[in-house]
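Just below is one structure, and these are the notes that go with it.
Values below: all heavy atoms of this structure, side chains included; hydrogens, waters and symmetry mates excluded. Just so we're on the same page: letters track the sequence lines, and every chain starts at 1.
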2 protein chains.
Amino acid sequence: MPQNDAVRISAKADYAVRAMAELASAAGTGPMKGDQIAQAQGIPLKFLLNILSELKHARLVRSYRGAEGGYELARDAKDISLADIIRAVEGPLASVHEVRPEEIRYEGAAASLQDVWIAVRANLRAVLEVVSLSDLVGGALPEEVRALATNPEAWSSH
Amino acid sequence: MPQNDAVRISAKADYAVRAMAELASAAGTGPMKGDQIAQAQGIPLKFLLNILSELKHARLVRSYRGAEGGYELARDAKDISLADIIRAVEGPLASVHEVRPEEIRYEGAAASLQDVWIAVRANLRAVLEVVSLSDLVGGALPEEVRALATNPEAWSSH
DNA sequence: CACCATCTCCACCAGTTCAGTAGACATGGG
DNA sequence: CCCATGTCTACTGAACTGGTGGAGATGGTG
């Protein structure tokens, strides 16, 4: 039974987004400790620390050490998209056969296939680039996204 | 450097779609041999045979043995979507943390996150479910998909 | 200064998946 | 009977996933 899906949000990406959401909701109250984030979101602490360290290198969070230490967002929650977070921990959003879609060439019958992969990526971006952390924690998703998510069809396994 | 992306079309899925496209373009001229498909699309023969065998079990192709054997589509090319093909070789189109998006629950700050994943999947389906094999080999993608693919923005790595 | 809390970095690990490859076998036609 | 094709099971090396462990750096506090 294959476990690799066309769209696969890994545990790491999922944790990264949830940790960032936690930081966004705690913004303004000083740094939040790794341990608090881990508790709040049910994430293994050491794994979370690894992820936060990647987010720090991507300059999405700032960190402080010592007894009053912890993490905080490096910029306003409305200026951080989910795509920013996922790219920071997983590299490019989309790939085909380990290559970016715009770099492929197809022969013969499959010539238009590249356009399809490009369209898939565009539609993925249309969600992940427009949803910001402040949208997420405020529970107020952009209208287009909200429309997609409230369509009952979207909830069926098909 | 991580190689796992949010959207990842594996070699297997890519090969499956291309092989089906080849079969679609050869429809009506009798079965096409594995070897011909492999040559036409540059796919390792034995790997392709594995894939075709999965497509057969999913009843997307029919096969014949012997000197005049080969493969052909099990139904009309316009009645096979790319989503059908990808699901046949890779299971569900989308998953989060190895689970279907509609089965997750998030706590606290990330409560709306489920809606985001649902929207992502919906937008993925909006491409892969509507493009049929006959659209693909005819080079005539549905208008919505064409619009996505011709937007220059969609071609930038960003 | 010592001490404690916190983040940081590197290394490692078990299990799974990916992308194939190998080879024996089934079956159709001549 | 022979040959060409598809079918099935099994294997493999490399990479990735989802972590864990431990030493060390760096703050603040007494």
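Taking 4.5 Å as the limit, some side-chain heavy atom of A:Y71 sits within range of a side-chain heavy atom of A:L49. Contact of the B:L113 side chain with the A:L136 side chain is registered, since non-hydrogen atoms from C-beta on lie closer than 4.5 Å. Contact of the A:L124 side chain with the B:L124 side chain is not registered, since no non-hydrogen atoms from C-beta on lie closer than 4.5 Å.
Following rounding to the nearest Å, A:E54 (CD) and D:dG18 (P) show an atom-to-atom distance of 13 Å. Rounded to an integer number of Å, the gap from CD of B:E72 to P of D:dT5 is 16 Å. Rounded to whole angstrom, the span from the CG atom of A:L49 across to the P atom of C:dC10 amounts to 15 Å. The CG atom of B:D5 sits 10 Å away from the P atom of D:dC16 (whole-angstrom rounding). At whole-Å resolution of the value, CG in A:L48 and P in C:dC9 are 15 Å apart. To the nearest angstrom, P of D:dA25 lies 15 Å from NZ of A:K56. Whole-Å rounding puts the B:R62 CZ to D:dT5 C1' distance at 18 Å.
No option in B:R75, B:K78, B:R125 other than B:R75 meets the salt bridge (charged side-chain N to carboxylate O under 4.0 Å, His left out) test with B:D84.
With no hydrogens or angles considered, a side-chain donor-acceptor pair links B:D14 and A:Y106 at under 3.5 Å. Between the side chains of A:Y64 and A:E72, a donor-acceptor pair is found at a separation under 3.5 Å. Of the N and O atoms on the side chains of B:S132 and B:D135, at least one donor lies less than 3.5 Å from an acceptor on the other residue.
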I'd like a list of close polar pairs between nucleotides 19-21 of chain C and the protein, N/O only, cut-off under 3.5 Å.
residue, atom, partner, partner atom, Å
C:dA19, OP1, B:R8, NH2, 3.3
C:dA19, OP1, B:A11, N, 3.4
C:dG20, OP2, B:Y15, OH, 3.0
C:dT21, O4, B:N50, ND2, 3.1

Polar atom pairs (N or O), protein with nucleotides 28-30 of chain C, under 3.5 Å:
none

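Note on A:S53: every side-chain N or O is 4.0 Å or more away from OP1 and OP2 of C:dC7. Phosphate proximity of C:dT8 to A:Y64: absent, as no side-chain N or O sits under 4.0 Å from OP1 or OP2.
The stretch residues 28-40 of chain A comes close to DNA chain C through A:K33, A:G34, each having a heavy atom under 4.0 Å from the strand.
The main-chain N or O of B:I104 is found under 3.5 Å from a side-chain atom of B:Q114 such that the two form a donor-acceptor pair. Of the possible polar contacts, one joining the A:W155 side chain to the A:A149 backbone as a donor-acceptor pair under 3.5 Å is found. The backbone N or O of A:A67 lies less than 3.5 Å from a partner atom in the side chain of A:K33, making a donor-acceptor pair.
Using a 4.0 Å cut-off between a side-chain N of Lys or Arg and a carboxylate O of Asp or Glu, A:K12 and A:E54 qualify as a salt bridge.
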